[in-house]
Amino acid sequence: GAVVSQHPSRVICKSGTSVKIECRSLDFQATTMFWYRQFPKQSLMLMATSNEGSKATYEQGVEKDKFLINHASLTLSTLTVTSAHPEDSSFYICSARDRGGPGNEQFFGPGTRLTVL
Amino acid sequence: DAKTTQPTSMDCAEGRAANLPCNHSTISGNEYVYWYRQIHSQGPQYIIHGLKNNETNEMASLIITEDRKSSTLILPHATLRDTAVYYCIVGGYSGNTPLVFGKGTRLSVIA
């Protein structure tokens, strides 16, 4: 299936700093990408839908000024956690649909584990 | 909210078939049934999806009831590597519609 990559896979930062996470679709173009967050022993929670060339749509309860999303190209979306705090420590996962694929499956990246000290 | 109901956990003996049920009684006519799994600390892995007909690929088979209100994912010969959380998700075919995850079923394959 199609490949979605994320970078970095793991990051540790100090409280108050900002962290950028990159999500790339490696072998397909994705006009829409999705960002999820997963806390320990819980399911994935959708944070936002990222559309290439336009503003992201955030789910209720997700602060758009804290979680900045940029989808500058058909293969790259970035999530920046601004002024990170320990409660932002989580597993962040991006996803994209291969609109050109036969099944239109939604493929997921390997995730980025953020630890805020 | 997730539109599916799955058992919290299941066990399966290695080498046997694992049958994971899912109820989706409120599924709409244009919604697909997707199955993903997540191995600890990794991103979800696509398994299979279907609309009405039963589907089979190299990983699994998907059996959808005629009324589409429930489905079963079948792993024909479970191995220890199949131990994971399995998510049944119903969703649209639109590229702009994200998949919404429920709590899934934790499958433990036992030697």
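Note on naming: letters A, B, ... go to the chains in the order of the sequence lines (proteins, then strands), and numbering restarts at 1 for each one.
A single hydrophobic cluster is seen to contain both B:Y86 and B:I27, as judged by linkage of ILVMFWY side chains at heavy-atom distances under 4.5 Å, directly or through other members. B:Y36 and B:L75 fall into different hydrophobic clusters, where Ile, Leu, Val, Met, Phe, Trp and Tyr are joined by side-chain heavy atoms under 4.5 Å apart, directly or via other members. In this structure, B:V109 is a member of the same hydrophobic cluster as B:W35, with clusters built from ILVMFWY side-chain heavy atoms closer than 4.5 Å. The cluster map of Ile, Leu, Val, Met, Phe, Trp and Tyr, joined by side-chain heavy atoms under 4.5 Å apart, puts A:L68 and A:V81 in different clusters. If you chain together hydrophobic residues whose side chains sit under 4.5 Å apart, A:V3 and A:I21 never meet in one group.
For A:K20, the NZ atom sits in a loose shell: 12 or fewer heavy atoms of surrounding residues, nucleotides or ligands are nearer than 6.0 Å.
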Atom pairs and distances, donor-acceptor, side-chain atoms in residues 58-67 of chain B, under 3.5 Å, two or more places apart:
residue: B:S61; atom: OG; partner: B:T56; partner atom: OG1; Å: 3.1
residue: B:T65; atom: OG1; partner: B:D67; partner atom: OD1; Å: 2.8
residue: B:T65; atom: OG1; partner: B:R68; partner atom: N; Å: 3.4
residue: B:T65; atom: OG1; partner: B:K69; partner atom: N; Å: 3.4
residue: B:T65; atom: OG1; partner: B:S70; partner atom: N; Å: 3.3
residue: B:T65; atom: OG1; partner: B:S70; partner atom: O; Å: 3.1
residue: B:D67; atom: OD1; partner: B:K69; partner atom: N; Å: 3.0

Side-chain polar contacts of residues 51-63 of chain A - donor-acceptor pairs under 3.5 angstrom, sequence neighbours left out - could you list them?
residue: A:N51; atom: OD1; partner: A:T32; partner atom: OG1; Å: 3.2
residue: A:Y58; atom: OH; partner: A:F67; partner atom: O; Å: 2.6
residue: A:Y58; atom: OH; partner: A:I69; partner atom: N; Å: 3.3

* To do: Walk me through it: do B:L99 and A:R97 pass the test side chain to side chain contact (heavy atoms under 4.5 Å, CB included)?
  => CA-CA 10 Å; B:L99 298 179; A:R97 283 186 186 266; 3.7 Å; yes
* To do: Under the ring pair (Phe, Tyr, Trp, His ring centres under 6.0 Å) rule, what do B:F101 and A:F108 come out as? Steps first, then yes or no, please.
  => CA-CA 13 Å; B:F101 286 73; A:F108 289 81; 5.5 Å; yes
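Heavy atoms closer than 4.5 Å to chain B are found nowhere in A:Q6, neither backbone nor side chain. For B:Q45, no part sits under 4.5 Å from any heavy atom of chain A, backbone or side chain.
Residues satisfying the side chain to side chain donor-acceptor pair (under 3.5 Å) criterion with A:S95, sequence neighbours excluded, are A:Q106.
Heavy atoms only, all atoms of each residue included: B:Y87 and A:Q38 are closest at OH-NE2, 3.9 Å.
Options B:P44, B:S41, B:G104, B:G43 differ in how many heavy-atom pairs under 4.5 Å they form with chain A, and the most are formed by B:P44. Comparing A:P110, A:G111, A:A96 by how many heavy-atom pairs each has under 4.5 Å with chain B, the most go to A:P110. For the options A:T49, A:L44, A:L46, heavy-atom pairs under 4.5 Å to chain B are most numerous at A:L44.
Interface residues of residues 84-93 of chain A toward chain B, defined by a heavy-atom distance below 4.5 Å and sorted by number: A:F91, A:I93.
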